[in-house]
Amino acid sequence: MRADEVADVAVVGAGVAGLACALDCVAGGLRVRVLEASDAVGGRMRTDVVDGFRLDRGFQVFNTAYPQVRRRIDLRALRLRPFTPGFVLAGSRGRYRFADPTRRPDQAADLLPGRLAPLRDTVALGLFSARDMVLPAAVLRRGRDVPAERWLRDAGLSEVTVDQVLRPFLAGVFLEDGLETSSRMFHLVWRSMLRGSLCLPERGIGAVPEQLAERLPDGAVTLDARVSALTQDGVRLADGSAVPARAVVVATEAAAAARLLPGLLVPAQRTVTTFYHAAPASPLREPTLLVDSDRRLLNSVVLSEVVPGCSPDGRALVSTSVLGSGAQEAQVRARLAELYGAGTDGWECLAAYRIPGALPAMPAPHPLIRTSRHSPGRYVCGDHRATGSVQGAMASGTRAAREVLADMAASRL
Ligand SMILES: Cc1cc2nc3c(=O)[nH]c(=O)nc-3n(C[C@H](O)[C@H](O)[C@H](O)COP(=O)(O)OP(=O)(O)OC[C@H]3O[C@@H](n4cnc5c(N)ncnc54)[C@H](O)[C@@H]3O)c2cc1C
């Protein structure tokens with residue numbers, strides 16, 4: 001469509017929620033314009049190239065089991081590189097491997113009773129993992145919703161296993177270490193980890209939204225177009241120009257959405273910092289997640305073991321995430337020396353991404369679905385309207401498109 005034509009729908013924000021919404025609206029026969037404030041699509045899923053190194057804007061993993069991923073993404077085109085299933089725990093207790101015995105029985109020795117956890121805990125873990133893997137997601141969505149910590153304790157897990165194994169790992173997933181996240185959300189994520197593979201696209205996480213954007217009609221996405229207000233006839237951009245549209249879907253992060261739609265609920269936000277270092281040699285010759293069991297750092301991974309092409313010059317690329325925004329690089333590097341058991345003096349810090357709104361908080365009880373209908377002709381989607389994940393963001397965009405299409409079909413717009 002031409003820029004001066006009236007769109008059926010203006011989608012504000014080209015993160016994966018907005019892109020999924022736009023794609024479904026186009027598939028439903030609507031004329032769509034996506035307005036993105038930034039200079040590229042992707043929102044929180046973008047990849048920078050710094051001195052030839054590919055750096056995601058904050059470490060994240062891509063899960064192939066998410067239903068929206070299976071529905072929308074051409075996995076082969078992403079050329080995915082997998083992590084070793086499970087993770088390695090390192091810290092004052094020593095080093096242990098938390099493996100998935102169904103996939104890597106050869107690596108599961110540390111799960112034998114008395115090593116990482118007592119027999120009772122191993123049994124409890126096995127039971128709820130089997131249940132999460134086998135039960136339909138719809139059943140898990142209806143399950144009891146309490147803080148994850150309470151659920152794990154009630155399942156019979158000891159304090160030591162919760163505090164020194166699951167809490168450090170899950171802190172890196174939910175970006176909080178109180179284990180206050182909804183137990184329903186925990187089980188859905190646990191299920192997707194058991195059923196899918198954790199991987200990274202060869203060209204970085206930004207390749208995911210880029211793939212979605214490529215499927216939109218030419219000219220549907222306008223970059224550097226910050227929406228400053230919603231109007232009677234569509235939206236107004238920060239440069240003062242108007243974009244007419246019959247309906248508007250606000251697909252920004254929560255705080256930006258509330259500025260455009262006053263009164264909208266804004267959940268608390270989780271903050272994380274990711275440091276990237278170039279190391280002369282790989283400190284761990286394996287594509288695995290290293291979790292700090294003492295919780296001074298969240299986790300670290302030698303990314304060049306996962307995606308060899310992310311480093312341009314043979315040096316190892318190490319990504320390390322820390323909760324909050326206050327971590328100092330020198331302290332992080334000192335801790336990495338302890339965790340990897342390797343000197344880090346010669347490591348070069350390439351970048352540090354401090355991300356205040358990385359994830360919306362999802363404390364129990366957490367509604368997994370919220371309507372996108374806001375007021376006549378106005379809709380809202382994004383991970384803050386579902387769950388803080390790629391799955392949640394895209395599912396929310398899907399729902400918004402469905403509601404727009406239904407309202408237009410019913411001539412309510
Ligand atoms: C460090 C980190 C790690 C993560 N790890 C994982 C993980 O391992 N697994 C997982 O599933 N999820 C993970 N996530 C979460 C996942 O990335 C997000 O849930 C998802 O990308 C959110 O998509 P969205 O479209 O809802 O929002 P966003 O990606 O935030 O998109 C919103 C878009 O709106 C644009 N915008 C804002 N205001 C305006 C305006 N006024 N006008 C026009 N455009 C505007 C923004 O520029 C942005 O492009 C992680 C996120 C971060 C940051």
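Start at 1 and go down the list; that is how both ligands and their atoms are numbered.
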Novice: Between Arg71 and Asp24, is there a side-chain N and carboxylate O pair less than 4.0 Å apart?
Specialist: yes
Novice: Considering residues at least two apart in sequence or located in another chain, which fulfil the ring-ring contact (aromatic ring centres under 6.0 Å, His included) criterion with Phe186?
Specialist: Phe128, Trp190
Novice: Considering residues, nucleotides and ligands other than Arg70, do more than 12 of their heavy atoms fall under 6.0 Å from its CZ?
Specialist: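 Incorrect, the count does not exceed 12.
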Novice: Show me a pair-per-line table, with atom names and distances to 0.1 Å, of protein N or O atoms that are under 3.5 Å from an N or O of ligand 1.
Specialist:
residue	atom	partner	partner atom	Å
ligand 1	8 (O)	Val61	N	3.2
ligand 1	8 (O)	Val61	O	3.4
ligand 1	11 (O)	Tyr66	OH	3.1
ligand 1	11 (O)	Val390	N	2.9
ligand 1	14 (N)	Gln60	OE1	3.4
ligand 1	17 (O)	Gln60	OE1	3.1
ligand 1	17 (O)	Gln60	NE2	3.4
ligand 1	19 (O)	Asp383	OD2	2.8
ligand 1	19 (O)	Ser389	N	3.4
ligand 1	19 (O)	Ser389	O	3.4
ligand 1	25 (O)	Val16	N	3.2
ligand 1	25 (O)	Ala17	N	3.0
ligand 1	26 (O)	Asp383	N	2.9
ligand 1	27 (O)	Arg44	NH2	3.0
ligand 1	29 (O)	Arg44	N	2.9
ligand 1	30 (O)	Arg44	NE	2.8
ligand 1	30 (O)	Arg44	NH2	3.1
ligand 1	41 (N)	Val227	O	3.0
ligand 1	42 (N)	Val227	N	3.0
ligand 1	44 (N)	Ala37	N	3.1
ligand 1	47 (O)	Glu36	OE2	2.6
ligand 1	49 (O)	Glu36	OE1	2.7
ligand 1	49 (O)	Glu36	OE2	3.1
ligand 1	49 (O)	Gly43	N	3.4

Novice: Determine, step by step, whether Glu180 and Arg270 satisfy the salt bridge (charged side-chain N to carboxylate O under 4.0 Å, His left out) criterion, reporting the C-alpha distance in whole Å, the side-chain angles of both residues, the deciding distance to 0.1 Å, and the verdict.
Specialist: CA-CA 12 Å; Glu180 62 190 47; Arg270 306 299 189 196; 3.1 Å; yes
Novice: Output every pair passing ring pair (Phe, Tyr, Trp, His ring centres under 6.0 Å) with a member in residues 63-100, not counting sequence neighbours, ordered by first then second residue.
Specialist: Phe87-Phe98, Phe87-Phe169
Novice: Taking only residues two or more places apart in sequence, or in another chain, which ones meet Arg153 in a side-chain contact (heavy atoms from CB on, under 4.5 Å)?
Specialist: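 So Arg153 forms a side-chain contact (heavy atoms from CB on, under 4.5 Å) with Glu149, Glu159, Val162, Asp163, Arg167.
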